[in-house]
Asks: 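Handing you a structure now.
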Amino acid sequence: MRLLAGLLVGVCLVRVSADLVLVGGGLADDNSDVYGKFVELAGGVGVAKIGVITTASANPLESAIFYEALFTELYGAASATWIPVTENSGNADTQEIYDLVAAQTGLFLGGGDQARIMTGWRKADGTASLGMQALLEAAESGVVGGTSAGAACQGSGPMIEGGLSYQALRYGAYPGGYNPDYPDDLCYDERGGLGTLKDYIVDTHYSERGREGRLIELVLDTMTGDASTQKALGIDENTGVHVDRYGNAKVLGAAGGAMVVDLREATHVEGTYTRLQGVRVSFFTEGDAFNLYNDSYTIASWKSNLAGQEYYDTAPTSSNIFSSPDANPREDGVFREVATSLWDSKEDSCVSDTYERNPEFVVTLSKSDGAGFGGFSHDTTTWTVSYARMAVDIDYQ
Ligand SMILES: *[C@@H]1O[C@H](CO)[C@@H](O)[C@H](O)[C@H]1NC(C)=O
């Protein structure tokens, strides 16, 4: 009876599944929360047939050999097969690639440069190749995962291709993709990425590289007033987000978190540079569940509401809020650190600024009507904080 029930569940999963596992890059080989979940969704140990897509990589074959070994030897996939589409292979629009993609139970896109993915999989006229159609069908009725570039290409909005937060706030976002003459400017492909994650722009290596400013700016510069274009998801390194077909999302792994950036309530104030009030950001960490489309969330049970239980009397501030690469020494994850400490403090808001001057951007974080949660996860001694609906105001001086 139990076996039968298991079989029925298995059959149902194969038919109704439409799962994404998006990872913010820097995925450790031993991150079984992420890899294990992906293999499980793809059918499980001994069953999963993983298609490995390494189009983003500068060394696609080398990268494929790495993932093939990882999926089969460490995570028990029945098979792992390289889908040999590279930036210049010109084969994505063939029946052979369509069939190879369609034969897998899970597809995993590795990191590198997301522009290579779109060059390799889109037809010259910008439309989807046969292979890309198979990939999109897999996202509708199967399992697709990706890390770094392999996740950044999955949003339905404009696809981010590069840029730093300070330059983004100062100069705005540029369509047309990466421009080597201005490597620090925020640039994007206005044709978008694969579009498997509906109504979201996706960014990766998120807190570590201080990308909060650039993601907010990209939403600001590309939103249309339509509520579906006003949100973005930023994912930290070695951290996964599993999204099901209903937009139910769950954070996988203890390393970092995922931020939902929401400009629906934001006010854009006129100025030479970016001035914004009331951007809402929520940051979910290990074990938290949230819905991407209706704002509901359920914090992991081992975290509790910090209101009235805060550890610090005062919140920290920073003069390098977006972790500038020019700061010496470099500081990773400053915004995450400041926001986390704000929620664990008795203060309601804190004011930080950018490392760069002329102008110097001033970033105010406020608890507003949001909520913060903290706890020690069962298998680590790391204090982990999540928060919902923190307000971010950006000004300059
Ligand atoms: C949000 O959407 C999910 C998935 O459809 C659903 O289960 C949940 O009840 C919804 N929550 C609210 C508050 O509407």
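Read the numbers this way: they start at 1 and go in the same order the structure lists the ligands and their atoms.
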Asks: Counting the benzene-type ring for Trp, do Tyr293 and Tyr246 have ring centres under 6.0 Å apart?
Replies: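 Between Tyr293 and Tyr246, the centre distance exceeds or equals 6.0 Å.
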Asks: Should Asn294 be counted as touching ligand 1, given the test is an N or O pair under 3.5 Å?
Replies: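 So ligand 1 has an N or O lying under 3.5 Å from an N or O of Asn294.
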Asks: Who's the nearest protein heavy-atom neighbour of atom 5 (O) of ligand 1, and how far?
Replies: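 Looking at atom 5 (O) of ligand 1, the protein heavy atom closest to it is Tyr246 CB, 3.8 Å.
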Asks: For Asp189, is there an ion pair with Arg122 - N to carboxylate O distance below 4.0 angstrom?
Replies: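 Salt bridge flag = yes for Asp189 with Arg122.
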Asks: So, are Arg209 and Asp203 salt-bridged, with charged N and O less than 4.0 Å apart?
Replies: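 No, this pair does not count.
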Asks: Centre of Tyr396's six-membered ring, under 6.0 Å away, within 45 degrees of the axis: is that where NZ or CZ of Arg275 sits?
Replies: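 Cation-pi check for Arg275 and Tyr396: passes.
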Asks: Strictly below 4.0 Å, N to O, side chains only: are Glu217 and Arg214 in salt-bridge contact?
Replies: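 Salt bridge flag = no for Arg214 with Glu217.
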Asks: Might you check, step by step, whether the distance between atom 2 (O) of ligand 1 and some protein heavy atom is under 4.0 Å?
Replies: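 True for atom 2 (O) of ligand 1.
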Asks: Could you tell me, atom by atom, which parts of ligand 1 come under 4.0 Å of a heavy atom of Ser296?
Replies: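 Matching atoms, with element in brackets: 1 (C), 11 (N), 13 (C).
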Asks: What is the closest protein heavy atom to atom 7 (O) of ligand 1, and at what distance does it sit?
Replies: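 For atom 7 (O) of ligand 1, the nearest protein heavy atom is Asn248 OD1, 4.5 Å.
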Asks: Of the backbone atoms (N, CA, C, O) and the side-chain heavy atoms from C-beta on, which set of Asp295 has a member under 4.0 Å from an atom of ligand 1: side chain, backbone, both, or neither?
Replies: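 Asp295 to ligand 1: no contact under 4.0 Å from either part.
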